[in-house]
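Just so you know, these numbers use all the heavy atoms, side chains as well, and skip hydrogens, waters and symmetry mates. Letters A, B, ... are given to chains in the order of the sequence lines, protein chains preceding strands, and every chain is numbered from 1.
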2 protein chains.
Amino acid sequence: MSDQEKQTEEKIFESATEVFVEKGMDGARMQDIADHAGINKALLHYYYRTKDKLFDAVFEKIAEKMFRKFAPVLDANYTLEEKIRFFFREHISFLQRNSRLPSFFLNEINRNPERIRKLIRKADIDQLWHTLEAQHRDEFRKYNITPEMIPQIMTSIAAMSVFPFAARGIIETVFEKMGVKFDDYLEQRKEFAAEFVIRALKK
Amino acid sequence: MSDQEKQTEEKIFESATEVFVEKGMDGARMQDIADHAGINKALLHYYYRTKDKLFDAVFEKIAEKMFRKFAPVLDANYTLEEKIRFFFREHISFLQRNSRLPSFFLNEINRNPERIRKLIRKADIDQLWHTLEAQHRDEFRKYNITPEMIPQIMTSIAAMSVFPFAARGIIETVFEKMGVKFDDYLEQRKEFAAEFVIRALKK
DNA sequence: AAATAATTTAACCAAACAGTCAAAGATATG
DNA sequence: CATATCTTTGACTGTTTGGTTAAATTATTT
């Protein structure tokens, strides 16, 4: 693959990512992506034969990037509380830099659930879970965390981090009326979310 | 307005709601809505001149329905803890019956933030907030809740309730692999979320 | 430098789309 | 029952869309 080709392909991929994330699969236009990349539509179809294939490539890359942020949580050298603090700090920081991703991602998955099946099969999510459980068995007992509570806790942690971005449109507008700056709120949230969850877990 | 006309208009409105919520503004087709209502496209345009006008009508109605669920929280006869329990029980129950609403709603707002501005102006959200603060001033002091924490707490409560629905596609798929039933999880969540938040608020 | 292969383009196509229109059917009004 | 008004339809239009094609340009190989 020549440098020129790689450059063009990369330019296309970046442009496609931008347009898809902003407009969604249905709202995105191939012409828009081509314009954005400074090429014409035929060349776009030359590199990625169809809109679907291009979208799939973009979507998979984004998913991979998002899930990668979860990996360090599996490091056995941290306590549960340290992991929670680490997760919120890192995950919210990542989303600050990619603030439209959650809304885009969640929506496209709900619109076509088949998409996530492939990704989850590849990421071995349940495996990941068993690792975590083994690492913190003692702590779970200390906190009185039973297996039935796991799904509740997992989704609560994800919710605390992702929701402000998924609902950014509403939240930002309400904050405006209350005189609160969304950016300040996010900075504050890294710590707040962690302590909130840790307190909730304690008896 | 004759009965026949009302019936047709209602049928159109219901069909439009279904199709818009399922496919989103961009993904929805006027032909689809017409088919769904058992009429032809010309009649659809006779009642609602454009797709945009039809969408606006549907969207406003949905928003009104969602925000109405927050109203009982303003009843002064409940303590803060009672309100939290009440909110999760009622709000999650509502979303169980309208499980696609959050994803649709959040996405369309992020896609076009101007939409929410109108609604929030009408709903007087900040007013609503001051009422709440006045009702629970003593309890806030007891919990050591400072004004800066309010936005964090508000969004956390919303997140706990709305996120499982907004991220339903992923959550349900992960649960499948873990052998957890989403419906059971939701039933459990009404109580879990309330106690989780209440514990988190306590020092 | 000639031949071959890869890249890029302008012009084009068929399908899908939101929206229109004239006229037919139904319903109410005098 | 005749006239006016409201409702519904089938057929149509102009535009936008994803995708194609054949030919031109550029890069690579021999």
Side-chain angles (χ1 to χ4, degrees), chain A residues 1-62 104 107-109 111-112 114-115, chain B residues 1-62 104 107-109 111-112 114-115:
Chain A
M1 199 184 280
S2 72
D3 276 9
Q4 177 59 27
E5 191 185 1
K6 204 167 182 178
Q7 216 180 311
T8 307
E9 192 172 347
E10 244 167 54
K11 193 90 224 302
I12 289 177
F13 195 87
E14 279 166 27
S15 303
T17 303
E18 251 180 81
V19 174
F20 274 133
V21 168
E22 197 191 326
K23 305 273 180 107
M25 163 70 174
D26 289 329
R29 300 286 154 237
M30 292 299 266
Q31 189 61 60
D32 237 45
I33 296 171
D35 291 349
H36 220 277
I39 55 167
N40 73 5
K41 227 177 28 160
L43 187 55
L44 185 57
H45 283 280
Y46 174 76
Y47 279 97
Y48 296 89
R49 286 214 308 285
T50 66
K51 187 185 181 183
D52 271 288
K53 281 194 200 321
L54 177 54
F55 181 84
D56 282 349
V58 167
F59 185 79
E60 197 162 327
K61 184 66 172 284
I62 286 177
F104 163 78
N107 195 57
E108 296 298 343
I109 280 174
R111 198 84 58 220
N112 184 353
E114 204 44 47
R115 253 171 214 137
Chain B
M1 202 184 278
S2 73
D3 274 11
Q4 178 58 28
E5 191 183 1
K6 202 167 185 179
Q7 215 179 313
T8 306
E9 193 172 348
E10 244 165 54
K11 193 92 219 323
I12 289 177
F13 195 87
E14 280 166 26
S15 303
T17 302
E18 252 179 80
V19 174
F20 274 132
V21 168
E22 195 187 323
K23 306 272 178 107
M25 163 70 173
D26 289 331
R29 300 288 155 236
M30 291 299 266
Q31 187 62 61
D32 237 44
I33 296 171
D35 291 349
H36 221 278
I39 55 165
N40 73 4
K41 230 178 25 161
L43 188 55
L44 186 56
H45 282 280
Y46 173 75
Y47 279 98
Y48 296 88
R49 285 212 309 283
T50 67
K51 188 185 182 183
D52 271 290
K53 282 194 199 322
L54 176 54
F55 181 84
D56 283 349
V58 167
F59 185 81
E60 198 163 326
K61 184 65 170 286
I62 286 177
F104 163 78
N107 195 58
E108 295 298 344
I109 280 173
R111 201 82 60 217
N112 183 354
E114 204 43 49
R115 253 170 215 136

(request) Specify the residues of residues 48-61 of chain A, ordered by number, for which at least one heavy atom lies under 4.0 angstrom from an atom of DNA chain D. (result)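 Of all residues in residues 48-61 of chain A, the ones placing a heavy atom under 4.0 Å from DNA chain D are A:Thr50, A:Lys51.
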(message) Below 4.0 angstrom, which residues in residues 25-32 of chain A have at least one non-hydrogen atom near DNA chain D?
(response)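 Within this stretch, A:Ala28, A:Arg29, A:Met30 sit under 4.0 Å of the strand.
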(request) Determine whether B:Glu108 and B:Phe55 make a side-chain contact, defined as any pair of heavy atoms from C-beta on separated by less than 4.5 Å. (result)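 Heavy-atom side-chain distance check passes, below 4.5 Å.
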(message) For a 4.5 angstrom cut-off between non-hydrogen side-chain atoms, does B:Ile62 reach B:Val21?
(response)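 Yes, side chains in contact.
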(request) Return each pair, listed once, that meets side chain to side chain donor-acceptor pair (under 3.5 Å) where at least one residue sits in residues 48-58 of chain A; pairs must be two or more places apart or across chains. (result) none
(request) Only pairs at least two apart or in different chains count here, so list each side chain to side chain donor-acceptor pair (under 3.5 Å) that has a residue in residues 21-30 of chain A. (result)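 Listed by first then second residue: nothing to list.
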Expressed as a whole number of angstroms, how long is the span from [X]:[atom1] to [N]:[atom2]?
X: A:Tyr47; N: C:dT9; atom1: OH; atom2: P; answer: 10 Å
X: A:Leu44; N: C:dT7; atom1: CG; atom2: C1'; answer: 14 Å
X: B:Ile33; N: C:dG19; atom1: CD1; atom2: P; answer: 11 Å

Would you mind writing out the side-chain donor-acceptor pairs for residues 30-38 of chain B within the sub-3.5 Å range, not counting sequence neighbours?
from, atom 1, to, atom 2, distance (Å)
B:Gln31, NE2, B:Asp35, OD1, 3.0

(request) State which residues pass salt bridge (charged side-chain N to carboxylate O under 4.0 Å, His left out) with B:Glu60; sequence neighbours excluded, sorted by chain then number. (result) B:Lys122
Once you round to the nearest 0.5 Å, how far does [atom1] of [X] lie from [atom2] of [Y]?
X: B:Ile12; Y: B:Leu54; atom1: CD1; atom2: CG; answer: 8.0 Å
X: B:Leu44; Y: B:Lys11; atom1: CG; atom2: NZ; answer: 12.0 Å
X: B:Glu10; Y: B:Tyr47; atom1: CD; atom2: OH; answer: 11.0 Å
X: A:Phe13; Y: A:Thr8; atom1: CZ; atom2: OG1; answer: 15.0 Å

As a test of reading the structure: which of [options] is closest to the side chain of [X], going by heavy atoms?
X: B:Tyr46; options: C:dC21, D:dG19, D:dT7; answer: D:dT7
X: A:Lys41; options: D:dG19, C:dT8, C:dG19; answer: D:dG19
X: B:His45; options: C:dG19, C:dT7, C:dT9; answer: C:dG19

(request) Compare side-chain N and O positions of A:Asn40 against OP1 and OP2 of C:dT8 and report whether any pair is under 4.0 Å apart. (result) no
(request) Return no unless some side-chain N or O of B:Thr8 is found under 4.0 Å from OP1 or OP2 of D:dT8. (result)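 So the side chain of B:Thr8 is within the cut-off, an N or O lying under 4.0 Å from OP1 or OP2 of D:dT8.
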(request) Please give the angle, rounded to 10 degrees, between the axes at the start and the end of the helix from C:dA1-D:dT30 to C:dG30-D:dC1, where five pairs define each axis. (result) 0°
(message) Once side chain to side chain donor-acceptor pair (under 3.5 Å) is applied, do any residues pair with B:Arg111, and if so which ones, sequence neighbours excluded?
(response) B:Asn107
(message) Could you go through B:Phe59 and B:Ile109, starting from their C-alpha distance and side-chain angles, then the distance that decides it, and tell me whether this counts as side-chain contact (heavy atoms from CB on, under 4.5 Å)?
(response) CA-CA 10 Å; B:Phe59 185 81; B:Ile109 280 173; 3.7 Å; yes
(request) Taking the six-membered ring for Trp and the single ring otherwise, decide whether the centroids of B:Phe104 and B:Phe20 are under 6.0 Å apart. (result)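 Ring-ring flag for B:Phe104/B:Phe20: false, centres at least 6.0 Å apart.
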(request) Check each residue of residues 14-21 of chain B for a non-hydrogen atom within less than 4.0 Å of any atom in DNA chain C, then write out the ones that pass by number, or none. (result)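 Heavy-atom contacts with DNA chain C come from no residue of residues 14-21 of chain B; none.
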